2 protein chains.
Amino acid sequence: MSQSAEDVRSAYEDSCHARGDVGPIVRDVLDRVADKWSLLVIATLQQGRLRFSQLQAHIPGVSQRMLTRTLRHLERDGLISRTVHAEVPPRVEYELTPMGGTLLAPAIALAEWAIAHHEQIEERRAAYDAR
Amino acid sequence: MSQSAEDVRSAYEDSCHARGDVGPIVRDVLDRVADKWSLLVIATLQQGRLRFSQLQAHIPGVSQRMLTRTLRHLERDGLISRTVHAEVPPRVEYELTPMGGTLLAPAIALAEWAIAHHEQIEERRAAYDAR
DNA sequence: CGGGATCCTACTCGATACTG
DNA sequence: CAGTATCGAGTAGGATCCCG
């Protein structure tokens with residue numbers, strides 16, 4: 001870890017063939033990963049396969065609509081898998097795909113940064129707003 | 001790296017005193033870090049102190065308004081510093097603060113994940129949409 | 001139980017025009 | 001040069017109702 005600016009630039013040029021801009025790519029993925037609920041869903045699915053209602057219970061504040069939308073988006077991107085069991089009442093289970101699993105490390109790193117610094121950030125905000 | 005779910009939970013409990021939810025905290029920081037331009041600004045400032053116009057030139061597509069807003073937000077949170085030189089024409093320089101620098105490692109990790117997987121993600125999207 | 005369909009509000013972003 | 005002010009379009013997200 002602790003990559004340099006050059007590392008990022010070279011990774012960018014590798015994947016973009018030395019043309020265009022890395023910005024859109026990073027933002028595209030980031031928009032999926034960093035929206036209001038995705039990261040929370042992914043972190044929760046770290047526990048293993050879970051049902052829709054279990055996810056909803058583990059993620060306070062998420063509406064049914066947003067949980068559904070988030071799960072669909074993550075499924076579309078291949079980060080989670082959706083399994084419908086032909087039973088009554090219906091049972092639908094979600095779990096991380098292998099690719100979804102590879103997102104955990106960077107996602108957790110960012111989450112830990114957030115947890116470690118949010119206090120300092122709030123202090124800075126208060127100081128800034130006090131002017 | 002490659003932390004476990006328990007590591008995240010314990011980090012959460014440490015900072016939240018075993019109450020509340022880590023979600024809002026992570027989301028609060030993430031909303032700042034993962035908005036449309038912040039990460040790009042931070043990555044660009046990795047090069048060192050830059051002027052407003054230099055930032056705008058290095059970040060294709062950013063409007064003057066959004067760059068200003070992004071810089072203000074990052075400054076408020078203590079991630080970058082803003083220096084106004086009393087000259088004419090005015091010269092304003094931005095640079096990462098020490099705390100801003102600590103964000104680089106996790107941010108780059110996520111950016112590299114995005115670059116490494118965006119191709120696979122687009123394949124999955126195409127496959128999903130083809131149904 | 002899981003989730004589709006609607007409606008509605010608030011906010012975000014971009015374009016444009018103006019300023020010290 | 002480095003902003004601020006204003007406006008309009010688009011969208012994210014919540015509430016609600018309904019269905020297999």
Side-chain angles (χ1 to χ4, degrees), chain A residues 21 23-24 26-42 44-45 48-77 80-95 128-129 131, chain B residues 21 23-24 26-41 44-45 49-77 80-95 128-129 131:
Chain A
D21 192 9
V26 174
R27 207 159 49 226
D28 177 52
V29 177
L30 223 60
D31 283 350
R32 174 73 356 97
V33 155
D35 69 3
K36 201 168 180 181
W37 303 108
S38 292
L39 199 56
L40 254 31
V41 169
I42 289 168
T44 305
L45 284 179
R49 178 180 299 135
L50 289 176
R51 303 181 56 165
F52 185 91
S53 50
Q54 291 178 308
L55 280 167
Q56 200 166 17
H58 279 65
I59 303 174
V62 70
S63 68
Q64 169 194 69
R65 168 185 149 85
M66 288 317 294
L67 182 54
T68 301
R69 283 175 57 99
T70 302
L71 290 168
R72 288 289 174 281
H73 288 330
L74 293 174
E75 186 198 1
R76 184 170 100 106
D77 287 0
I80 66 173
S81 65
R82 178 173 182 267
T83 309
V84 182
H85 299 268
E87 305 171 0
V88 54
R91 181 164 55 100
V92 181
E93 292 180 321
Y94 297 89
E95 67 180 329
Y128 184 96
D129 294 344
R131 305 170 331 161
Chain B
D21 191 9
V26 173
R27 207 159 49 226
D28 177 52
V29 176
L30 223 60
D31 282 350
R32 173 75 355 98
V33 155
D35 69 3
K36 200 167 180 182
W37 303 108
S38 292
L39 200 57
L40 254 31
V41 168
T44 305
L45 284 177
R49 177 181 299 136
L50 289 177
R51 304 180 56 165
F52 184 90
S53 50
Q54 291 177 308
L55 282 168
Q56 199 166 18
H58 279 66
I59 303 174
V62 71
S63 69
Q64 150 201 85
R65 168 184 148 86
M66 289 317 294
L67 182 55
T68 301
R69 282 176 56 101
T70 302
L71 291 168
R72 289 288 175 281
H73 288 330
L74 293 174
E75 186 198 1
R76 185 170 100 106
D77 287 359
I80 66 174
S81 64
R82 177 172 181 268
T83 308
V84 182
H85 299 268
E87 305 170 0
V88 54
R91 180 164 56 101
V92 182
E93 292 180 322
Y94 297 89
E95 66 180 330
Y128 184 96
D129 294 345
R131 307 171 330 161

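Each chain gets a letter, A, B and so on, in the order its sequence line appears, and its residues count up from 1. We use all heavy atoms of the structure for the numbers below, so side chains are in, but hydrogens, waters and symmetry mates are not. None of the values given here were measured: they were computed from a predicted structure.
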Inset, instruction - Search all heavy atoms of B:R27 against all heavy atoms of A:K36 and return the closest pair with its distance. - result: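 Closest pair (atom of B:R27, atom of A:K36, distance): CD-O, 2.9 Å.
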Inset, instruction - Indicate the atoms forming the closest heavy-atom contact of A:V62 with A:I59, along with that distance. - result: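 Scanning both residues completely, I find the closest heavy atoms to be CG1-O, 3.2 Å.
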Legend entry - Terminal axes of the helix from C:dC1-D:dG20 to C:dG20-D:dC1 (five pairs each): angle between them, nearest 10 degrees: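 Both end axes considered, the difference amounts to 50°.
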Legend entry - Separation between CG of B:L50 and OH of B:Y94, rounded to the nearest 0.5 Å: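 Between atom CG of B:L50 and atom OH of B:Y94 there are 11.5 Å.
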Inset, instruction - Find the distance between CG (B:L40) and NE2 (B:H58) and round it off to the nearest 0.5 Å. - result: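 Nearest 0.5 Å value for the CG-NE2 distance: 11.5 Å.
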Inset, instruction - Kindly determine whether A:F52 and A:L71 satisfy side chain to side chain contact (heavy atoms under 4.5 Å, CB included), including the steps that lead there. - result: CA-CA 9 Å; A:F52 185 91; A:L71 290 168; 3.7 Å; yes
Inset, instruction - Please tell me which of B:K36 and A:R51 maps to the more 5' nucleotide of DNA chain C, matching each residue to the nucleotide holding its nearest heavy atom. - result: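 The answer here is A:R51.
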Can you pull every protein N or O that's under 3.5 Å from an N or O on nucleotides 3-12 of chain C?
{"residue": "C:dG3", "atom": "OP1", "partner": "A:R72", "partner atom": "NH2", "Å": "3.3"}
{"residue": "C:dG3", "atom": "OP1", "partner": "A:R82", "partner atom": "NE", "Å": "2.9"}
{"residue": "C:dG3", "atom": "OP1", "partner": "A:R82", "partner atom": "NH2", "Å": "2.4"}
{"residue": "C:dG3", "atom": "OP1", "partner": "A:Y94", "partner atom": "OH", "Å": "3.0"}
{"residue": "C:dG3", "atom": "OP2", "partner": "A:Y94", "partner atom": "OH", "Å": "2.9"}
{"residue": "C:dG3", "atom": "N7", "partner": "A:Q64", "partner atom": "OE1", "Å": "3.4"}
{"residue": "C:dG3", "atom": "N7", "partner": "A:Q64", "partner atom": "NE2", "Å": "2.4"}
{"residue": "C:dG3", "atom": "O6", "partner": "A:Q64", "partner atom": "NE2", "Å": "3.2"}
{"residue": "C:dG4", "atom": "OP1", "partner": "A:R72", "partner atom": "NH2", "Å": "3.0"}
{"residue": "C:dG4", "atom": "O6", "partner": "A:Q64", "partner atom": "OE1", "Å": "3.2"}
{"residue": "C:dT6", "atom": "O4", "partner": "A:R65", "partner atom": "NH1", "Å": "3.3"}

Inset, instruction - Say whether, by atom type as modelled, one donor and one acceptor occur between the side chain of A:R131 and the main chain of A:Y128 under 3.5 angstrom. - result: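 Yes: the side chain of A:R131 pairs with the backbone of A:Y128.
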Legend entry - Donor-acceptor contact present, side-chain A:Q54 to main-chain A:R51, <3.5 Å: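 Looks like yes, one N/O pair under 3.5 Å.
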Legend entry - Validation row: A:S38, A:T70 side chains within 4.5 angstrom (heavy atoms):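 In contact.
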Legend entry - Flag side-chain contact, heavy atom, 4.5 Å: B:R72 against B:R82: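 They are in contact (side-chain heavy atoms under 4.5 Å apart), so the answer is yes.
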Legend entry - Separation of C:dC1 P from A:L55 CG (nearest whole Å):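 In whole Å, C:dC1 P lies 15 Å from A:L55 CG.
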Legend entry - Nucleotide C:dC1, atom P - distance to CD of A:E87 in whole Å: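 It is 13 Å, rounded to the nearest whole Å.
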Inset, instruction - Using chain A heavy atoms and a threshold of under 4.0 Å, write down where along DNA chain D the contacts begin and end, 5' to 3'. - result: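 The footprint of chain A covers D:dG13 to D:dG20.
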Legend entry - Charged tip of A:R69 within 45° of A:W37 ring normal and under 6.0 Å: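 No, cation not above the ring by the 6.0 Å, 45° rule.
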Inset, instruction - Starting from the 5' end of DNA chain D, give me the residue, A:P90 or A:G61, whose nearest nucleotide shows up first. - result: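 Checking each residue's closest nucleotide, the 5'-ward one belongs to A:G61.
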